[in-house]
Amino acid sequence: MTKRLAILGSTGSIGQQCLEIVDAHPNLFEVEVLTANNNAQLLINQALKYHPSKVIIANRDKYALVKSALEPAKIQVFSGSEALESCVLDSSVDMVVAAMVGYAGLIPVINAIKAKKQVALANKETLVVAGDLITRLCREYSVDLLPVDSEHSAIFQCLQGEDHASIEKLILTCSGGPFRGCSADDLSKVTPAQALAHPNWDMGNKITIDSATLMNKGFEVIEARWLFDIEPSKIEVVVHPQSIIHSLVQFCDGSIKAQIGLPDMRLPIQYAMCFPQRKPNAFPRFSFLEHPQLSFIAPDIKIFRNLALAYFALEKGGNMACIMNAANEIVVQAFLDCKIGFHAIAEIIEQTMAKSSFIVAPSIDDYIQTDIEARKIAQKLISKK
Ligand code: NDP
C-alpha cells in the first residue's frame, strides 16, 4: 500500500526534501496534493514530475500562470487560502506533511486533524500558536502528530518503547546559530546576510533568522511541551555547536538516551513519513572518528532574550505564545528588510507581549483575533523605530 501525500509548502526547504524521500522510496508514496505560496515555477516543475491530482498556489496573482502550465497535464489548480485550508480534507489523502512556514499552517493542520489524517508536522508555529487546542483535538480525533523537527524527532525516537511516567527531563540541543558566543555589542551591528549564514543547517529564511535569535529554540521548547505532554520545567536547552546529537531524554533512573546523526533533515522527515516503520536509505552516514569532538555549553539567555520570552509565554499560558509568534513573524520580516536591528527583535516582541490583550482560555477565533492584534501592535512599534 502506498501512502498518498498532501505536501503543504512543497517549494520550501522541508517540502523539497520531502520530495527527495518520495524519490528514494517510489514504492511507498504517491503525491496527491502540492501547495506553494509564490514560487509558481518550482510548483509547476514539481507537479509535472510527480503528477498530483491537485496543486494549490496560495498567491492568487500566480493562479493563471500555474493553471495554463498544468492544464495539458490534467492537473487541477486552485488558489487562495481557502483552497489551501480545505485540500487536506480530500479522501484521496492519507498523510498531510505540514511544511509551510508560519501561522498560515494553523488552519490546514486543524482541518487535517479533524479529518483524521496522519500529520507529519514541520510547521512548529502551529504548536506555538495553539498547542493546547491542537493537542486537545488530537486526543478527540485520535490523531498522532509525527514530529519532523530534528530535535523532536530525536526525542520521539528515544521515547519509543518507554513509559511516559519514567521521563525525568527532555534535553533539546541547539547549535547556537551563527552568533554563538557574540557579545551584545557584536550583535548590535549584525546584518541579515550574516544572520542567514547558519553554520550547520540550510533552511528557509524565517527559521534561519529564528535560529540566530534563539527564538527557534524557544519555539521548540513550546513544541516539545505539547508534543510530549511535559511540564516546561522538565525541558532543558543545551548548546551543542556540532548539531550531531539531535536531542536527548533523561529517564528516572538517570539513564540518558540520545539520537545521533549528521545534520540532514531528510532523516527526521523520512522517519515521520514512514512511521511506524524504519526504512533503509543511501544518505551519508555519521562517523565518530570524523567528529571526535562534541561539545556542550549553556545558552546565554541574557543576550538571546527570545529563549527566555518563550519560557515566559509557556508559563503564562493562554494566548501569550500566539502573541509572541505573531510579533516574531513581523519583526523577522522587518529585520530581513533592514527596517530594524538585531536587538530590536526581542525588544519589540517583549513589548508586543506586554501590550496585547491576554486571554486565559482562547478559542480558535480568539487565536485568530490575537494574531491580527499582535501583528498590528508589532508593526506600530516598528514604525516608531
Ligand atoms: P521555507 O521558507 O523554505 O518554505 C516555506 C514553504 O511554505 C514554501 O513552500 C512557501 O511557498 C510556503 N508558504 C510560505 N508562506 C505561505 C503562506 N502564507 N501560505 C501558503 N504557503 C506558504 O521554510 P522551511 O521549509 O525552512 O520551513 C517550513 C516549516 O518547517 C517552518 O515552520 C519551519 O520552522 C519548520 N522547520 C524547518 C526546518 C528546515 O530545516 N528548513 C527544520 C525544522 C522545522 P513559496 O516558496 O512558494 O513562497
Side-chain angles (χ1 to χ4, degrees), residues 6-20 33-47 55-63 65-66 78-88 96-109 119-129 145-154 156 172-175 177 196 198 200-213 215-220 222-224 227 243 246-247 262-269 271-272 325 328-329 332-333 336 371 375:
I7 304 177
L8 311 185
S10 62
T11 50
S13 157
I14 294 288
Q16 292 181 58
Q17 292 178 86
C18 231
L19 289 169
E20 285 185 46
V33 180
L34 292 174
T35 84
N37 191 30
N38 280 313
N39 197 340
Q41 195 51 55
L42 181 55
L43 182 65
I44 291 167
N45 296 346
Q46 290 177 339
V55 306
I56 287 131
I57 180 91
N59 182 344
R60 292 181 199 277
D61 297 342
K62 308 276 171 102
Y63 172 74
L65 173 67
V66 180
F78 300 90
S79 71
S81 51
E82 302 78 21
L84 194 77
E85 288 164 11
S86 61
C87 69
V88 300
V96 173
V97 184
M100 53 207 278
V101 65
Y103 174 85
L106 178 67
I107 304 295
V109 170
V119 179
L121 187 75
N123 179 262
K124 62 186 85 185
E125 292 89 347
T126 290
L127 283 174
V128 172
V129 169
L145 292 181
L146 300 164
V148 166
D149 221 345
S150 58
E151 293 77 0
H152 304 77
S153 176
F156 186 58
L172 291 172
T173 53
C174 165
S175 71
L196 286 171
H198 196 283
N200 304 346
W201 299 96
D202 183 12
M203 310 180 284
N205 284 357
K206 196 250 177 192
I207 185 176
T208 308
I209 300 299
D210 287 345
S211 299
T213 64
M215 182 53 95
N216 182 50
K217 210 46 58 179
F219 281 177
E220 289 176 4
I222 299 176
E223 194 183 359
L227 274 175
S243 298
H246 297 301
S247 278
L262 290 171
D264 180 344
M265 278 310 295
R266 292 174 302 179
L267 303 187
I269 294 171
Y271 190 75
N325 178 72
N328 184 60
E329 290 193 20
V332 167
Q333 195 53 53
L336 285 169
D371 181 73
R375 281 169 195 266

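Side chains included, hydrogens not; waters and symmetry mates left out as well; all remaining heavy atoms used. Whatever order the structure lists ligands and atoms in, that order sets their numbers, starting from 1.
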Quick one: list whatever passes side-chain hydrogen bond (donor to acceptor under 3.5 Å, both in side chains) with Thr213, sequence neighbours left out. Asn306
Filter on salt bridge (Lys or Arg N to Asp or Glu O under 4.0 Å), then keep only pairs touching residues 35-47, sequence neighbours left out; what's left? none
In a check of side chain to side chain contact (heavy atoms under 4.5 Å, CB included) between Ile222 and each of Val128, Leu127, Leu227, which one passes? Val128
Is a donor on one side and an acceptor on the other found under 3.5 Å between the side chain of Glu223 and the backbone of His152? no
Looking only at the side chains, is there a donor atom on one of Asn39 and Thr11 sitting less than 3.5 Å from an acceptor on the other? no
Taken in chain and number order and not counting sequence neighbours, the residues that satisfy side-chain contact (heavy atoms from CB on, under 4.5 Å) with Val66 are Ala40, Leu43, Ile44, Val55, Ile57, Leu70, Val77
Those protein residues which place at least one heavy atom below 4.0 Å from ligand 1: Gly9, Ser10, Thr11, Gly12, Ser13, Ile14, Ala36, Asn37, Asn38, Asn39, Ala58, Leu84, Ala99, Met100, Val101, Ala104, Ala122, Asn123, Lys124, Glu125, Asp149, Met203, Gly204, Ile207, Met265
